[in-house]
Colleague: 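Before I ask anything, here is the structure I am working with.
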Amino acid sequence: QVQLVESGGGLVQAGGSLRLSCAASGRTFSSYAMGWFRQAPGKEREFVSVITASGSSTYYADSVKGRFTISRDNAKNTVYLQMNSLKPEDTAVYYCAAGPGYSSSYFRLSNLYEYDYWGQGTQVTVSS
């Protein structure tokens, strides 16, 4: 069992930055790929970014590539999402999730149904 708690959301102006954190409980954090997803009002939850269990590979949605950076600190059981050059369309609830540690496949790791554990989400609002 893994419990995930996100933090770092808030209100920011367009062009600003935020850093989201996701703290995980349990001793097996390093065996999971860690992903970030987001859900805007009236829309489906969508993939944002993922980092493999080893940290050797990262993937990003095209909409955030070049602006967001995912990282993890296995010693602290924490995954981060640095978000720069934020746009109003980035407004959403952001969720972290723990997924298949054995995979390095973008196709699998970008699929929210591959993830077993989810945090409660943190709101990010970007004003224009």
Colleague: Are the side chain of Thr52 and the backbone N or O of Ser57 linked by a donor-acceptor pair below 3.5 Å?
Modeller: yes
Colleague: Has Tyr115 got a side-chain atom pairing as donor or acceptor with Leu109's backbone, closer than 3.5 angstrom?
Modeller: yes
Colleague: Just checking, Arg108 and Tyr102: is the charged tip under 6.0 Å from the six-membered ring centre and within 45° of the axis?
Modeller: no
Colleague: Take a 6.0 Å sphere around NZ of Lys43 and say whether it holds more than 12 heavy atoms from other residues, nucleotides or ligands.
Modeller: no
Colleague: Roughly how far, to the nearest 0.5 Å, is the CD atom of Glu44 from the CG atom of Leu112?
Modeller: 8.5 Å
Colleague: Measuring from atom CG of Asn77 to atom SG of Cys22, what distance do you get when rounded to the nearest 0.5 angstrom?
Modeller: 10.0 Å
Colleague: Does the distance from a Lys or Arg side-chain N to an Asp or Glu carboxylate O, for Lys65 and Asp62, drop under 4.0 Å?
Modeller: yes
Colleague: For a 4.5 angstrom cut-off between non-hydrogen side-chain atoms, does Phe29 reach Lys76?
Modeller: no
Colleague: Less than 4.5 Å apart, side chain to side chain, heavy atoms only: is that true for Phe68 and Leu18?
Modeller: no
Colleague: Check side chain to side chain donor-acceptor pair (under 3.5 Å) between Gln39 and all other residues, then give those that pass, not counting sequence neighbours.
Modeller: Arg45
Colleague: To the closest 0.5 Å, what do you measure between CD (Glu6) and CD (Gln120)?
Modeller: 4.5 Å
Colleague: Where the side chain of Tyr60 meets the backbone of Ile70, is there a donor-acceptor pair that is under 3.5 Å apart?
Modeller: yes
Colleague: Mind checking whether Tyr117 and Val50 sit in one hydrophobic cluster, side chains of I, L, V, M, F, W, Y counted as touching below 4.5 Å?
Modeller: no
Colleague: Once the angle between the rings of Trp118 and Tyr95 is folded into 0 to 90°, is it parallel (under 30°), tilted (30 to 60°) or perpendicular (over 60°)?
Modeller: perpendicular
Colleague: Checking Arg19 now: which residues fulfil side chain to side chain donor-acceptor pair (under 3.5 Å) with it, not counting sequence neighbours?
Modeller: none
Colleague: Determine, using the 4.5 Å side-chain heavy-atom cutoff (strictly less than), whether Tyr80 and Leu4 are members of one ILVMFWY cluster.
Modeller: no
Colleague: For Ser17, enumerate each residue passing the side chain to side chain donor-acceptor pair (under 3.5 Å) test, keeping only those at least two apart in sequence or located in another chain.
Modeller: Asn84
Colleague: Are Met83 and Val12 side-chain neighbours, meaning at least one heavy-atom pair lies under 4.5 Å?
Modeller: no
Colleague: Let me confirm one number: the CE-OG1 distance from Met34 to Thr58, rounded to the nearest 0.5 Å.
Modeller: 14.5 Å
Colleague: Look at the side chain of Ser49 and the backbone N and O of Tyr59, then say whether any donor-acceptor pair between them is shorter than 3.5 Å.
Modeller: yes
Colleague: Would you call Ser63 and Arg38 a side-chain contact if the rule is heavy atoms closer than 4.5 Å?
Modeller: yes
Colleague: Just wondering, more than 12 heavy atoms not from Gln3 lying within 6.0 Å of its CD?
Modeller: no
Colleague: Minimum heavy-atom separation for Thr78 and Ser21, please, with both atom names.
Modeller: CG2-CB, 4.3 Å
Colleague: Is the Tyr106-Phe47 ring centre distance short of 6.0 angstrom?
Modeller: yes
Colleague: Atom CD in Gln123, atom OG1 in Thr91: separation rounded to 0.5 Å?
Modeller: 7.0 Å
Colleague: Are Leu86 and Phe37 connected into the same hydrophobic cluster when the rule is that any two of I, L, V, M, F, W, Y join if their side-chain heavy atoms are below 4.5 Å apart?
Modeller: no
